[in-house]
**Student:** 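Below is a structure I'd like to ask you about.
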Amino acid sequence: MLVHGGIPWVRRGARRLTGASLALLLGCSGATQAPTAARPARVVKTPPAQSKAPEGPPLLPAHVIAELEDEDATPYFARRGDEALLLYAAGGRLRTRVLGADGAPRGEAAEVGPVAADVPVAALRATPQGYIAAWIEQTEGGRAVRVLALDPAGKPSGPASLVAQTAEDITWLEVLPNAAGALVLWEMPREARDSQDSAAQDSVDRVDVVMTVVAQGKGAAIKPTAPASVARAVLGWNAVATERGAAVALVVPPPAGPPARGERKPARKADAEDAPGAPKLGSIALLEIDPAGKVSAPVTVSPEPTAQIDLEVASVGGRYLLTWTDERDIDSAVFVAAVEPGGKVVVAPRQATPPSGEQALVSLVAPSAEGGGRALLAWEDLLRLRGGERGGADARGEGRLIHLASVGPDGALSAERAGLVFSASGPPDLVADGDGFAAVTLAPAALKGSRGEAAPPVWPTFVRFGPDLSVRAAEPVRAAPFAATDGVPYLVRGLSCHKGACTTLASAAAGAPAQQGGAGRGGGAAGGGAPLALVSLPVRESAWRAPASREDKDPPPRATAVRALVEGDHIARVAAAELDGGGALAAWVTYFVEGASDRAPRGQDLSATLAVRAASPAGPGKLNVISQKASSIGGVAIAAAPPAPADAKGKGGAAQGESVLAWVARERGETQVYVTKLDATGAKVAQKKLTTAPRKKQGGAASEASDVAIAYDGAGGFIVAWVDSRDGNAEVYAARIDRALNRTLPDRRITNAPLDAAEVQIAVRGQEVWLVWSDARPAGDAAAGGAGGAGEPSGEASGDIFLARLDVKTLQRIGDESRLHASREHSRSPVLAPLEGGAVVGWVDEVAGGGASAGGGAAAGGHARFVRLDSGGAAQGPPLAVAAPDGAGVSSVALACDKVCRGVLASAPGDSVVLNAFTLAPGEAAAPSLKPLVWLTGSASQDVSPVFAGRSGASLFFADDSVSGAGRVRWMTIAWP
């Protein structure tokens, strides 16, 4: 199955890899890529620099079948019943060789004619009469398409026929066999001359699809027809041979002119799509061609112009199954649709898999003739785990994780899912294997049970899957002809399976000696060539660790769905609150630097954007923009209250609960705290200014309000806390409001210390309000007694976490403030989660100087700490230090406590952020194990601000940057043990 398009194929979601990579892209025919072709051959190329190979496991059976003059030259291979034919170039001549069912050559190679000096793309397919080969060749005046008929013995019926010659470019072709011969289709790129953007007028983003009908009669003679048009000016195409001739799926560009209302994506994403090199989007259509070359009218399958060009089509259960990457929502997703022969759409376009962040289609594999009638869908989730993080692949191995599921003619995916590690940028080679499937991938090669310190070598590896996607067999592609390189070939391509036997072509580098291992030498050019072998891929016991595993058996905690709530500016802070009925409200404020943006129209005072969106099992609700004058440093917080009770006369009640948003607005250069009442949809009901503190200072900077926090007080009102520098240094303040947002207590200053406080968090426990924050006061400060904790105070103002308890009615302090932990580290970003009998406080410790902490023993780069407090706020033992895997720095934590505490820890082990899940049981003294949930698409420098909605930890909201660079707020649902 081949993906066709006239612009470079861009897979949204391709991740920059730091390990070995290879060129494994689409198509299994084509010698060298044409300048505008986007589909190089499916080739697994072994990285040159390798670790020492493991010793012991046996090699795979193989037969040397030819020698290639150029190590990168492409051989062509086609199965026909129990035999197969190899077509390759040697000595300036095309040669064929018949191979038996076991892969052994049957006789010597035969010459079939001359070969052109430049053949960028070719194809070989079996037909009822024998075989048909077609290729594009460079001519003096442009490009030409030639077709050659071969009998079952690989002998030509005559010279190759010229079916098309043009001064224009031809970039791809495909042969679609039928009972009478074949349809040969090719594409010709067109310049985007209708573009209104003069800079894009010379770009090639559309192609014409042209065909010829090849009738193959007795003796394999052929009669090609004159070229005829199939489709004009399409963005991409894909074709499949059928009993009715062929079906051609098309990506059709939107009509010229402004988009219809509602068709355009959010502004920032639309801009990204229009950028040079960005994927073009179109609608999906399907047409049929009968064996005589009659083309039907196209049928619209998906009218929305939101499909990428990675369209695939397969014949499944008597229907045409189409799949593509679609961008109609914020996150790109894999869509599927089904069409009956004749053009009736029987399964309307729909998302194929549960929401999981940005997705990208990898491939669609049609079932085999003897299979169970289900195809294989392969896709990639950008926010899912990398290949080296799941069972089956070494944890240190770099790579992507390709998801696999079988799919029926109704477009429904199987419950059984598998993951396949792939350490490269394109798709792995996937084919049907009887009632199952087979793959050749590039993955770390390690023996079962190995725990060596050295990273394993990255080798081509085959996997054979059963119909339930269980792994039947897996081991590296290693054979005796490649003994000079530990049995590992230089290139692997052409995976095929027939009647339970799978093989793949493999070649050595030029000049490498071929070890015979019981196979005859191929009849090609003598000496110095690249040995080409057909390697068998048997189902047998193996000592090798499989680079694949069943995903549906993955134990919790695990992410069950990931959705984007917004895309636009970068996100500074995220907040969330759980609502009655299982829903939640998420709020966020964007990142905005004063004076660094010119996006505000003249005369308008714009700052950061504050927005809210509801999230429920039914999906995201309406986006509500609360203000465009918010302060990024002010943050945002939200608290939910139950429905208001009715008074004695039955008045004043509320059918739904209400939520209150606390945030900071910046107007005329000054910041003040605001509170906004929201309904269950996140829409604004009422709003008031909470503070009116004078901010201007003579000869100095204005004071600031920042780091807001809010909690429901349990009696119909709310407690708001924030950090304010109105009195000089930054101190913690608090106020109480009723449901009408009226202050029932004036602003109350909570702290009084010589240095700054920051990042206050709040929780209400019965008749007490608990506040925690980070404070830079010296460790020897007299007001810092209380709970204490492990670690040695340094006497320097590095920042520690403090706790204060207040009376919920008066906001008077109960007892002294307490320092929860004194250390040399800088403690920041506290979280506070009420727990039966007390609470749990967590925070991030940044290790001074990059060394490990004195008290925690965590790895360099920073770690998290957690301490349990009793009902009086006293620490129950020293804080528990939790380090991120591989010594990565911890950037933030989220915590939710019910009977147990569940948390998510964000860390940056490389150039991106990973979210790790963990559970803290009461009284647990050992650091909890961490399980990766997702790798994010943004950079390692971002603060993702994770926060749970509710005490169960089932809904997590966080910030991330998309592949295009825009900021996003994501909503993840998590299954816990």
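Just the heavy atoms: all of them, side chains too, but no hydrogens, waters or symmetry mates, feed the values below.
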**Student:** Nearest 0.5 Å, what's the CD-OG1 distance between Glu288 and Thr242?
**Tutor:** 6.5 Å
**Student:** Tell me whether Thr504 contacts the main-chain N or O of Arg493 through its side chain, where contact means a donor paired with an acceptor under 3.5 Å.
**Tutor:** yes
**Student:** If you look at every heavy atom in Ile65 and Pro105, which pair is closest and at what distance?
**Tutor:** CG2-CG, 3.9 Å
**Student:** Among side-chain atoms of Trp135 and Glu137, is any donor-acceptor pair under 3.5 angstrom?
**Tutor:** yes
**Student:** Under the side-chain contact (heavy atoms from CB on, under 4.5 Å) criterion, do Val362 and Leu404 qualify, and how do the steps go?
**Tutor:** CA-CA 10 Å; Val362 173; Leu404 307 174; over 6 Å; no
**Student:** Given the rule in the side-chain contact (heavy atoms from CB on, under 4.5 Å) test, do Arg319 and Val347 qualify, once you have shown the distances and angles that lead to the verdict?
**Tutor:** CA-CA 10 Å; Arg319 292 175 172 176; Val347 177; 4.1 Å; yes
**Student:** Do the side chains of Ile132 and Arg125 get nearer than 4.5 Å, heavy atoms only?
**Tutor:** no
**Student:** Can you check whether Gly434's main-chain N or O pairs, donor with acceptor, with Ser368's side chain at less than 3.5 Å?
**Tutor:** yes
**Student:** Without swapping roles, check the side chain of Arg464 against the backbone of Gly500 for a donor-acceptor pair under 3.5 Å.
**Tutor:** yes
**Student:** Is the shortest heavy-atom distance from the side chain of Leu364 to the side chain of Val313 under 4.5 Å?
**Tutor:** no
**Student:** Taking side-chain contact (heavy atoms from CB on, under 4.5 Å) as the test, write out the residues that go with Ser406, two or more places apart.
**Tutor:** Arg374, Ser414
**Student:** Please examine the side chains of Ile284 and Leu311, heavy atoms only from C-beta on, and report whether any two atoms are closer than 4.5 Å.
**Tutor:** yes
**Student:** Are the side chains of Val251 and Lys280 in touch, meaning some heavy atoms are under 4.5 Å apart?
**Tutor:** no
**Student:** Determine, step by step, whether Leu99 and Phe77 satisfy the side-chain contact (heavy atoms from CB on, under 4.5 Å) criterion, reporting the C-alpha distance in whole Å, the side-chain angles of both residues, the deciding distance to 0.1 Å, and the verdict.
**Tutor:** CA-CA 10 Å; Leu99 308 174; Phe77 180 84; 3.6 Å; yes
**Student:** My understanding is that only residues two or more places apart in sequence, or in another chain, count here; which of them pass side-chain contact (heavy atoms from CB on, under 4.5 Å) with Ala337?
**Tutor:** Val301, Trp324, Pro349
**Student:** Identify the heavy atoms of Val240 and Ala314 that sit nearest to each other, and give their distance.
**Tutor:** CG2-CA, 4.4 Å
**Student:** Please tell me if the side chains of Leu87 and Leu148 come closer than 4.5 Å, counting only heavy atoms from C-beta onward.
**Tutor:** no
**Student:** Side chains of Thr171 and Glu187: any donor to acceptor distance under 3.5 Å?
**Tutor:** yes
**Student:** Show every salt bridge (charged side-chain N to carboxylate O under 4.0 Å, His left out) that has at least one partner inside residues 403-413, sequence neighbours left out.
**Tutor:** none
**Student:** Do you know the tightest heavy-atom contact between Leu505 and Pro75?
**Tutor:** CD1-CG, 4.0 Å
**Student:** Going through the checks in order, is the side-chain contact (heavy atoms from CB on, under 4.5 Å) test met by Val407 and Leu321?
**Tutor:** CA-CA 9 Å; Val407 56; Leu321 198 64; 3.8 Å; yes
**Student:** Just how far is it from atom CH2 of Trp237 to atom CD1 of Ile309, taken to the nearest 0.5 Å?
**Tutor:** 12.5 Å
**Student:** To check you understand the geometry: which heavy-atom pair defines the closest contact between Glu174 and Ala123, and what is its length?
**Tutor:** OE1-CB, 4.1 Å
**Student:** Which pair of heavy atoms, one from Ala439 and one from Leu430, lies closest together, and at what distance?
**Tutor:** CB-CD2, 3.3 Å
**Student:** Return the CZ to CG distance between Phe422 and Leu442, rounded to the nearest 0.5 Å.
**Tutor:** 6.5 Å
**Student:** Do Glu243 and Ser315 come close enough that some side-chain heavy atom pair is under 4.5 Å?
**Tutor:** no
**Student:** Could you list the residues that satisfy side-chain contact (heavy atoms from CB on, under 4.5 Å) with Asp102, not counting sequence neighbours?
**Tutor:** Ala104
**Student:** A side-chain contact here means heavy atoms from C-beta on lying under 4.5 Å apart; do Ser296 and Asp290 qualify?
**Tutor:** no
**Student:** Is the closest side-chain heavy-atom distance between Pro367 and Val316 below 4.5 Å?
**Tutor:** yes
**Student:** CG of Leu495 to OG1 of Thr503: how many Å apart, nearest 0.5 Å?
**Tutor:** 7.5 Å
**Student:** Closer than 4.0 angstrom, basic N to acidic O: yes or no for Asp169 and Arg143?
**Tutor:** yes
**Student:** Any sub-3.5 Å donor-acceptor pair from Thr225's side-chain atoms to Val213's backbone N or O?
**Tutor:** yes
**Student:** Determine yes or no for a side-chain-to-main-chain donor-acceptor pair under 3.5 angstrom, with Thr212 supplying the side chain and Pro227 the backbone.
**Tutor:** no
**Student:** For Asp310 and Thr325, indicate whether the former's side chain and the latter's backbone hold a donor-acceptor pair under 3.5 Å.
**Tutor:** yes
**Student:** Kindly compute the distance separating CZ (Phe437) from CZ (Arg472), expressed to the nearest 0.5 Å.
**Tutor:** 10.5 Å
**Student:** Run the side-chain contact (heavy atoms from CB on, under 4.5 Å) test against Ala333 and tell me which residues pass, sequence neighbours left out.
**Tutor:** Phe335, Gln351, Gln359
**Student:** Looking only at non-hydrogen atoms, find the nearest pair between Ala438 and Cys502 and report the distance.
**Tutor:** CB-SG, 4.1 Å
**Student:** Per the salt bridge (charged side-chain N to carboxylate O under 4.0 Å, His left out) rule, what does the pair list look like for residues 73-84, sequence neighbours excluded?
**Tutor:** Asp82-Lys499, Glu83-Arg106
**Student:** What distance separates Ser507 OG from Leu68 CG, expressed to the nearest 0.5 Å?
**Tutor:** 6.0 Å
